[in-house]
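Read the structure below first, then the notes.
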Amino acid sequence: MPIPPWKVLPLIGSLVEREEIEPFRHWIQEKSRVSDNKVSSLFEVLVAAIEKKEVHTLSSQACWAHIRPEDPFTKASDNQLRQYRSELKDKIDRFIMEQALDQDHNEWVRLLYYQELADRGLHGLLDKAYRLQLDKWKDRDVLDLKDLFFLFETEQMRNQQRVQETKVKATYLSNVIERFIEFGLTTYLKLACINFSENAVLPNAYQPVFLDELLEMLSAKALQPEQGLLFVYFQLYQFLDGKSDDLDALLACLNPANTTLREGELRDLYGLLQNGLTRRSNMGGFAKWAPKLLDLFQWGRDVGAVFQSGKIDPRVYRNIVLVALRLERRQDAFDLMEELRPFLPPGTEEYYHYCKGYYYYVCKEFDKMKDQDAWSPTQPFQNIRLRIESDMILLQADYERFWGTGEEEEIHRLKERTLTLQRFIKSQKSLAGPNKESLIQRLKYFKRLTRNLKVKDLERFYREVQEAVLLGNKSWFLYQIQWRLDTMEGEE
């Protein structure tokens, strides 16, 4: 049964995800009227359905029976229910807006206030408020991108209102230009970093116009940390592109005490740095760069970059546990897995079970791995990516158990399971692009590994794996091929 296309459902889902159900209940009680009782009842029905993952069972008749059990459901009832849903949506919209306005450092509120001062012709008050804000930031080396936009917009307001005196006007116009250059170039470099991070491995990847010329110009100017976020994103692009290895100096610029960076900007920086380090560790620099991922994670915890509304991104959780395991720091991995588990968002407990199973895989406790929730073929992971990854790890585990033991029947089953998983991946429309290509390539290499290859074939296979760009878990393939080469030493 399809989920009802009610616009209020995603809004309630966001409240559930951010654990704001109770604050919203208090808010609606403070602002409620007698007529709001039915709206509150509808809210409770929809929250219960979302929390129990029963949204697909919702219907207008069922909702009406909960909130107006004494009245039969009619066409007029359906219209009334639409009105309740509309009122509930409006209330949640207002609640979310008030939450946003209550946040610290809300640059949009400041801009609205400054615009009102400018519209009223209160230039002196606008200048005073602006100077006070600049004084608050005078000891900050790096300003958030939103703050750079705020400075640019404020200078535009000041310039537009000062049209009487040519000298003054020219001064304000130069300020507008300088603020625009600072905000514009910083934004451009950030987008260039995101583009590189997402598309660097793709053939014919998009290249932003004038990027090479801009990088050459900024290199010639020898940017310094005093240039703030512009310097940060310039250094970050150099790091992503492999032209700089100085990660520590980059992180030193991001000390929260010396910046106005918000959680959103810090999360963006963390994600870009994580992708860059992962790419380097996967391209033959695992021993050097993988430990840096743990250092980066610690920095992210310290500055709040790995958390959003008190919760950790489940993909960040999984990645850091797996990095610790691949570095053979099993106790660190186990501690992180258990310590961070309470911070997983509702509905993402599967990531914990995936990590726990992977932990037992690394420890070669294969029976315990298969005993974990969702690692059983009869009750697989609901998350498609976790399901595929766990199936691949199960293939690897059985390969390690049975290859070279003479268990030909088990190896035959392994090949059949590989084909089944390959067909499943190809059928998934939610998977596309490099991610899908990487999974398919990994299975192709795994099928090749299950063949009885001669020494020359294995040596050629080893070189191909080394040069593969999109191959996941490359180190495992290299280890298995090398192990077979070592056992065949002396053969041709």
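What you are looking at is a predicted structure, and each value in this text was computed from that prediction instead of being measured.
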- Query: Step by step, would you call Glu198 with Asn275 a side-chain hydrogen bond (donor to acceptor under 3.5 Å, both in side chains)?
  - Reply: CA-CA 9 Å; Glu198 293 179 352; Asn275 289 347; over 6 Å; no
Kindly check if the number of other-residue, nucleotide or ligand heavy atoms within 6.0 Å of [atom1] ([X]) is above 12?
| X | atom1 | result |
| --- | --- | --- |
| Arg315 | CZ | no |
| Glu328 | CD | no |
| Glu17 | CD | no |
| Glu22 | CD | yes |

- Worked verdict on Met217 versus Leu214 for side chain to side chain contact (heavy atoms under 4.5 Å, CB included): CA-CA 5 Å; Met217 179 191 74; Leu214 174 61; 3.6 Å; yes
- Task: Please check if any side-chain donor atom of Lys221 sits under 3.5 Å from a side-chain acceptor atom of Gln227, or the reverse.
- Result: no
- Message: If only side-chain N and O atoms count, and only distance matters, is there a donor-acceptor pair under 3.5 Å linking Thr260 with Asp144?
- Response: no
- Task: Could you check whether the rings of Phe183 and Phe152 sit parallel, tilted or perpendicular, using 30° and 60° as the cut-offs?
- Result: parallel
- Whether Trp27 and Phe24 hold their rings parallel, tilted or perpendicular, with breakpoints at 30° and 60°: parallel
Any Lys/Arg nitrogen of [X] or [Y] sitting under 4.0 Å from an Asp/Glu carboxylate oxygen of the other?
| X | Y | answer |
| --- | --- | --- |
| Glu389 | Arg385 | yes |
| Arg158 | Glu155 | yes |
| Asp147 | Arg140 | no |
| Lys454 | Asp457 | no |
| Lys288 | Asp245 | yes |
| Asp93 | Lys89 | yes |
| Glu459 | Arg463 | no |

So how far is it from [X] [atom1] to [Y] [atom2], rounded to the nearest 0.5 Å?
| X | Y | atom1 | atom2 | result |
| --- | --- | --- | --- | --- |
| Glu182 | Leu143 | CD | CG | 7.0 Å |
| Gln422 | Leu419 | CD | CG | 6.5 Å |
| Leu240 | Leu273 | CG | CG | 7.0 Å |
| Trp137 | Leu151 | CH2 | CG | 5.0 Å |
| Leu344 | Tyr317 | CG | OH | 5.5 Å |
| Asp268 | Leu145 | CG | CG | 9.0 Å |

- Message: Under the criterion side-chain hydrogen bond (donor to acceptor under 3.5 Å, both in side chains), I'd like the reasoning laid out for Glu400 against Trp476: C-alpha separation, chi angles, the key distance, then a yes or no.
- Response: CA-CA 11 Å; Glu400 293 177 34; Trp476 183 84; 2.8 Å; yes
Decide whether a cation-pi geometry holds between [X] and [Y]; the criteria are a distance under 6.0 Å from NZ or CZ to the six-membered ring centre and an angle within 45° of the ring axis.
| X | Y | result |
| --- | --- | --- |
| Arg448 | Phe461 | yes |
| Arg341 | Tyr352 | yes |
| Arg484 | Tyr462 | no |
| Lys364 | Tyr361 | yes |

Taking C-beta and beyond as the side chain, do [X] and [Y] meet within less than 4.5 Å on heavy atoms?
| X | Y | value |
| --- | --- | --- |
| Val306 | Asp313 | no |
| Leu266 | Tyr270 | no |
| Leu439 | Leu443 | no |
| Glu19 | Lys311 | yes |
| Val321 | Tyr351 | no |
| Tyr359 | Tyr354 | no |
| Met392 | Ile425 | yes |
| Tyr233 | Thr187 | no |

- Correct closest heavy-atom pair for Asp332 and Arg329 would be OD2-NE, 3.0 Å
- Correct closest heavy-atom pair for Lys53 and Gly347 would be NZ-CA, 3.7 Å
- Query: Between Trp289 and Phe239, is a ring pair (Phe, Tyr, Trp, His ring centres under 6.0 Å) present by the stated rule, with each step listed?
  - Reply: CA-CA 12 Å; Trp289 295 109; Phe239 179 79; 5.7 Å; yes
- Item | Single hit among Phe231, Tyr188, Phe196 for ring-ring contact (aromatic ring centres under 6.0 Å, His included) with Tyr237 | Phe196
- Item | Working for side-chain hydrogen bond (donor to acceptor under 3.5 Å, both in side chains), residues Gln238 and Asp246 | CA-CA 10 Å; Gln238 300 292 84; Asp246 200 350; over 6 Å; no
- Yes or no on salt bridge (Lys or Arg N to Asp or Glu O under 4.0 Å) for Arg267 and Glu263, after CA distance, side-chain angles and deciding distance? CA-CA 6 Å; Arg267 279 195 303 273; Glu263 280 189 8; 3.3 Å; yes
[Y] backbone acceptor or donor facing [X] side chain under 3.5 Å:
| X | Y | answer |
| --- | --- | --- |
| Ser197 | Cys193 | no |
| Ser438 | Asn435 | no |
| Glu178 | Val176 | no |

- Step-by-step side chain to side chain contact (heavy atoms under 4.5 Å, CB included) determination, Ile384 to Phe424: CA-CA 10 Å; Ile384 294 298; Phe424 177 75; 4.1 Å; yes
- Leu261/Leu269 under side chain to side chain contact (heavy atoms under 4.5 Å, CB included): CA gap, chis, key distance, verdict: CA-CA 10 Å; Leu261 298 180; Leu269 287 163; 4.1 Å; yes
- Carefully, step by step, assess Lys146 and Glu265 under the rule salt bridge (Lys or Arg N to Asp or Glu O under 4.0 Å). CA-CA 9 Å; Lys146 292 180 179 179; Glu265 197 70 47; over 6 Å; no
- Show your reasoning for whether side chain to side chain contact (heavy atoms under 4.5 Å, CB included) applies to Asp248 and Lys292. CA-CA 9 Å; Asp248 294 335; Lys292 294 285 188 182; 3.7 Å; yes
